[in-house]
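A short write-up of the structure that comes next.
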Protein chains: 2
Amino acid sequence: MNICSYTIGGMARTQGSHSDITGPRIRAVALQLFAQHGFAAVSMRQIAKEVGVQAGALYNYTPDKQSLLSTLMEEHMRDVLAAWQARRVETAEAGAQAQLENFTRFHIRFHMERPDAVFIAYMELRNLSEDNFMTVEVLRRSYETELQRILDEGVASGVFTVRDTKVATLAVIAMLNGVMTWYRSGGRLSLEEVETAYWDMVRKAVSG
Amino acid sequence: MNICSYTIGGMARTQGSHSDITGPRIRAVALQLFAQHGFAAVSMRQIAKEVGVQAGALYNYTPDKQSLLSTLMEEHMRDVLAAWQARRVETAEAGAQAQLENFTRFHIRFHMERPDAVFIAYMELRNLSEDNFMTVEVLRRSYETELQRILDEGVASGVFTVRDTKVATLAVIAMLNGVMTWYRSGGRLSLEEVETAYWDMVRKAVSG
DNA sequence: GTTTTATATGAACATTTGTTCATATACCAT
DNA sequence: ATGGTATATGAACAAATGTTCATATAAAAC
């Protein structure tokens, strides 16, 4: 009796579609594309195409493009903090030097496993609204404070010699982040060797 | 006798216009906007508006948008290299340690005077065509090689203790570049103090 | 089996994009 | 003064942009 609607191709919900699958897929694709081309250079249609969906469907998962970015960044920062809180206990009772080694090796390994998220978290801050920026910034500071606490502790106990622990904190993190711009697995050095090389430099840099 | 053309507002070459002025203005504006918002997020019309000109006029100075970016990046890399070649002579006869201090202080100060160019040169590589990318990459490598040469020399003469000078080179440069993400003149520390703090860490990191 | 809800489509929208071009005016050499 | 060249305008273009919405179907609940 419905003479008007002659649905040629499927134009509605697709078979097997589920938000528990599509949602993460969208975020994963967006993460990779944002890292590769930059937030502004990636269109919603590119993301949708890679996910295998029409652009309109993305708006079941994010109110707008910028929220997609800020969600990714916040998720990443919370992941970093949570992972460190879990690993921190390994050296909770140890001296500052052991804590610093733990932090150094953790930072390199954890960040190396998520180069896209790291890249975005450091490079796309300018595309965030003020509110979202503040949220991410607070999380980042709180991660940096973890390192600074270790340095302060080491200075207090005399094992480290650092004039300004704030500057040292930023210097160390910048140095460690640099790994991600050049390291490729399967290269000349193993990740273990890289960890050790950087730990060597970090240790000496903050010692007497 | 020309009854059709009734030129209301001036619609042609403007008074005082000269390529020696407009050209550099365009590059300066583009540099600042690219650094602030990212290459892809800045439109030719935004640049033109800031320069005080119509978008079409930009194409007297660049064949397209991407060339504008790659020109800026190549100019910056050549500036860095030229400035270092000039400053390098100061410690050409000196030992590796003096050379490294010279390099460290030079790098921080020079880059601090051009935060926009530095930011672009490190962040917008992905927006370059393969050819332009290679050109910039070669220049960057050649700057890094300058530092590596100093480290190699120091290792050879026994004043430095570094397992892998390539890794150390990248680590030091990453650390120094980090300054630009947080230092603001008029803050807690003077540029001289920052230079010294970083030199302190660099020296210790590569020493025994 | 029927109803309700979750998840997609695909067309439409107003803007904005990079770029081109015919044309107009200012500047400079003669 | 005059003519040639350098430097701008402003309109136009097709393509792409983020976002919305009525609608259609699959999946889940009953």
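The structure presented is a predicted model; accordingly, all values stated were derived computationally and were not measured. The sequence lines fix the lettering, A, B, ..., with proteins before strands; numbering per chain opens at 1. For the numbers below, each heavy atom of this structure counts, side chains included, while hydrogens, waters and symmetry mates do not.
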Within less than 4.0 Å of OP1 or OP2 of dA26(D), is there a side-chain N or O belonging to Ser17(A)?
no

Arg109(A) NZ/CZ over Phe106(A) ring centroid, <6.0 Å and within 45° of normal
no

Trp84(A) and Tyr143(A) aromatic centres sub-6.0 Å:
no

Identify whether any heavy atom of Val51(A) sits under 4.0 Å from a base atom; if not, whether one sits that close to sugar-phosphate; answer base, sugar-phosphate or nothing.
nothing

Choosing from dT9(C), dT19(C), dT19(D), which nucleotide comes nearest the side chain of Ala55(A)?
dT19(D)

In terms of side-chain geometry, is the basic nitrogen of Arg105(A) or Glu192(A) positioned less than 4.0 Å from the acidic oxygen of its partner?
yes

Residue mapping more 5' on DNA chain C - nearest nucleotide basis, Ala40(B) or Val53(A)
Val53(A)

Check the phosphate of dC27(C) against His18(B), side-chain N and O only, distance under 4.0 Å to OP1 or OP2. Yes or no?
no

Check if the side chain of Asn60(B) and the base of dA6(D) share a donor-acceptor pair of N or O atoms closer than 3.5 Å.
no

How many Å lie between CG on Leu33(B) and P on dT17(C), as a whole number?
12 Å

Specify the separation, in whole Å, of atom CD1 of Ile21(A) and atom P of dA8(C).
9 Å

OP1 or OP2 of dA8(C) sitting under 4.0 Å from any side-chain N/O of Tyr61(A)?
yes

It should be established whether Ser43(B) places a side-chain nitrogen or oxygen under 4.0 Å from OP1 or OP2 of nucleotide dT16(C).
no

Heavy-atom side-chain proximity of Val202(A) to Met175(A) below 4.5 angstrom
yes

Polar pair under 3.5 Å, donor/acceptor by atom type, side chain Arg13(B), base dT5(D)
no

Hey, does the side chain of Thr22(B) come within less than 4.0 Å of dA8(D)'s phosphate (OP1/OP2), counting only N and O?
yes

